Protein chains: 2
Amino acid sequence: MKESSTKTPYHHGDLPSALRAATAELVAERGPSGFSLREVARRAGVSHAAPAHHFGDSKGLLTAVAADGFGQLNTAFAAAGEGVDDPIERLNAMGKAYVRTAFDFPGHFGVMCSGDLIDHDNETFSHNAERAYETLLQAIRDVRDAVNPNLDVDAAATLTWSMVHGFAVLSLGADNKVDGIEHLDHRIDQFTQLLINGYAAR
Amino acid sequence: MKESSTKTPYHHGDLPSALRAATAELVAERGPSGFSLREVARRAGVSHAAPAHHFGDSKGLLTAVAADGFGQLNTAFAAAGEGVDDPIERLNAMGKAYVRTAFDFPGHFGVMCSGDLIDHDNETFSHNAERAYETLLQAIRDVRDAVNPNLDVDAAATLTWSMVHGFAVLSLGADNKVDGIEHLDHRIDQFTQLLINGYAAR
DNA sequence: CGGCCGCAGTTGCCAGTGTCAAGTTGCTGG
DNA sequence: CCAGCAACTTGACACTGGCAACTGCGGCCG
């Protein structure tokens with residue numbers, strides 16, 4: 001997300017990045033409710049008030065991590081859409097990318113979902129989030145153009161996003177390590193099939 | 001969910017119920033992260049350790065409230081399906097009932113969604129939750145019988161649940177008080193249309 | 001009818017938390 | 001070389017969840 005800058009900016013090296021990383025790790029380990037500013041500071045090897053200096057308060061730090069998560073999602077979307085010409089295949093690939101990102105960055109995803117404790121009005125957060133949604137919108141417009149000009153793009157986008165998001169949350173809740181990610185990929189294939197059938201009708 | 005029992009069981013009257021109610025109210029006001037055992041106790045007019053006596057710890061109380069929420073959902077499902085013969089109409093009504101329940105009991109719903117801080121292995125919680133899912137499964141079996149015998153019921157159920165749940169979460173996040181509930185009903189109508197089209201195909 | 005046992009609820013304590021204010025450290029530009 | 005400022009630390013305060021020990025009331029058994 002952020003490469004180490006050439007001119008080491010201050011004492012620690014890059015404390016903000018270290019704090020974001022520690023937060024993601026901690027949330028991945030103990031869940032959002034196990035997060036604490038002081039524990040993050042401890043893991044980064046700094047004093048308990050250091051995080052506040054960079055992120056204001058706990059909501060600020062979590063919001064930054066959530067924004068990073070949407071950043072990851074955006075790059076995953078871009079990679080998934082790369083060179084895929086068929087709009088349906090692209091939508092399918094994006095769905096898989098979404099779920100895969102949730103599994104690859106459970107800490108980030110956990111924070112992104114804990115609506116209450118992040119600041120949705122934060123600029124870079126909402127920018128990243130809207131960019132992801134805009135990418136989905138465009139993918140669905142492409143599906144509309146290819147499949148059914150009467151498709152209500154807004155409704156389909158909300159439906160698709162809700163579905164993938166809900167599915168990712170439910171899948172992360174259950175223990176899907178056993179079944180593995182390819183089982184989820186298969187599920188996404190089924191969902192895409194069902195959705196596209198619905199979108200194509202009439 | 002629980003009528004006041006005729007024989008007042010102990011000092012307070014019915015402290016557990018009062019604590020559940022206070023919890024739901026508090027979460028509705030301040031969100032799950034604004035919840036605190038002590039504030040709940042304060043609102044119920046008891047000492048700060050009283051909740052622990054009935055619910056063990058904070059996770060215990062929140063789990064009980066989440067279980068209540070699923071109870072509400074079950075009664076809403078039952079009421080929505082009552083006397084509706086067409087399986088598609090029934091599924092549609094259930095979707096609306098889900099969203100409406102989320103809006104009518106935002107405290108309960110907020111707790112139900114905060115996966116991290118409730119105990120998913122709790123008996124009555126998982127019982128209520130599975131009952132709700134089973135109701136959905138049956139509704140989808142009815143759709144399959146009416147519309148497409150080849151429909152994969154499990155996949156369709158996961159898809160439907162994910163969709164409605166995701167939609168409810170996203171709708172609660174946004175400020176949909178302006179648009180009103182009938183706008184959401186309309187959205188559910190659209191979604192049902194799209195889903196049924198998908199389910200009916202081939 | 002009386003004593004006692006148990007449960008509902010309380011009080012007090014401890015470690016830990018977020019946040020704020022005031023201090024300290026060390027790089028940087030003039 | 002030194003002033004200033006950004007990056008951090010230290011210390012304090014109010015609050016939290018959880019535990020242990022306490023009180024007091026009701027019902028039950030003798």
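For clarity, every value in this text was computed on a predicted model and none was experimentally measured. Values reported hereafter were calculated over all heavy atoms of this structure, with side chains retained and with hydrogens, waters and symmetry mates removed. In what follows, every chain begins at residue 1, and chains take the letters A, B, ... in the order their sequences are listed.
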B:E39 with B:R42: basic N within carboxylate O range, under 4.0 Å: yes
Presence of salt bridge, A:R30 and B:D116, under 4.0 angstrom: no
Nucleotide [N], atom [atom2] - distance to [atom1] of [X] in whole Å:
| X | N | atom1 | atom2 | value |
| --- | --- | --- | --- | --- |
| B:D14 | C:dA8 | CG | P | 11 Å |
| A:H53 | D:dC5 | NE2 | P | 14 Å |
| B:F55 | D:dC19 | CZ | P | 17 Å |
| A:L26 | C:dT17 | CG | P | 10 Å |
| B:K59 | D:dG18 | NZ | P | 10 Å |
| A:F35 | C:dG16 | CZ | C1' | 14 Å |
| A:L37 | C:dT17 | CG | C1' | 9 Å |
| A:L117 | C:dT19 | CG | P | 12 Å |

Under 3.5 Å side-chain donor-acceptor pair for A:Y199 and A:T160: yes
Distance-only side-chain donor-acceptor flag, A:D142 / A:Q138, under 3.5 Å: yes
Taking every non-hydrogen atom, the tightest pair across A:S126 and A:H120: CB-O, 3.8 Å
Phosphate oxygens OP1/OP2 of [N]: is one of them under 4.0 Å from a side-chain N or O of [X]?
| X | N | value |
| --- | --- | --- |
| B:S47 | C:dG9 | no |
| A:H54 | D:dC8 | yes |
| B:R38 | C:dT17 | no |

Position toward the 5' end of DNA chain D (nearest nucleotide), A:A49 or B:S36: A:A49
Per B:S58 side chain, nearest of listed nucleotides D:dG18, C:dC20, C:dT17: D:dG18
Donor-acceptor pair (no angle test) under 3.5 Å: B:H48 side chain, D:dG18 base: yes
Sugar-phosphate, base or nothing in reach of B:A50, heavy atoms under 4.0 Å: base
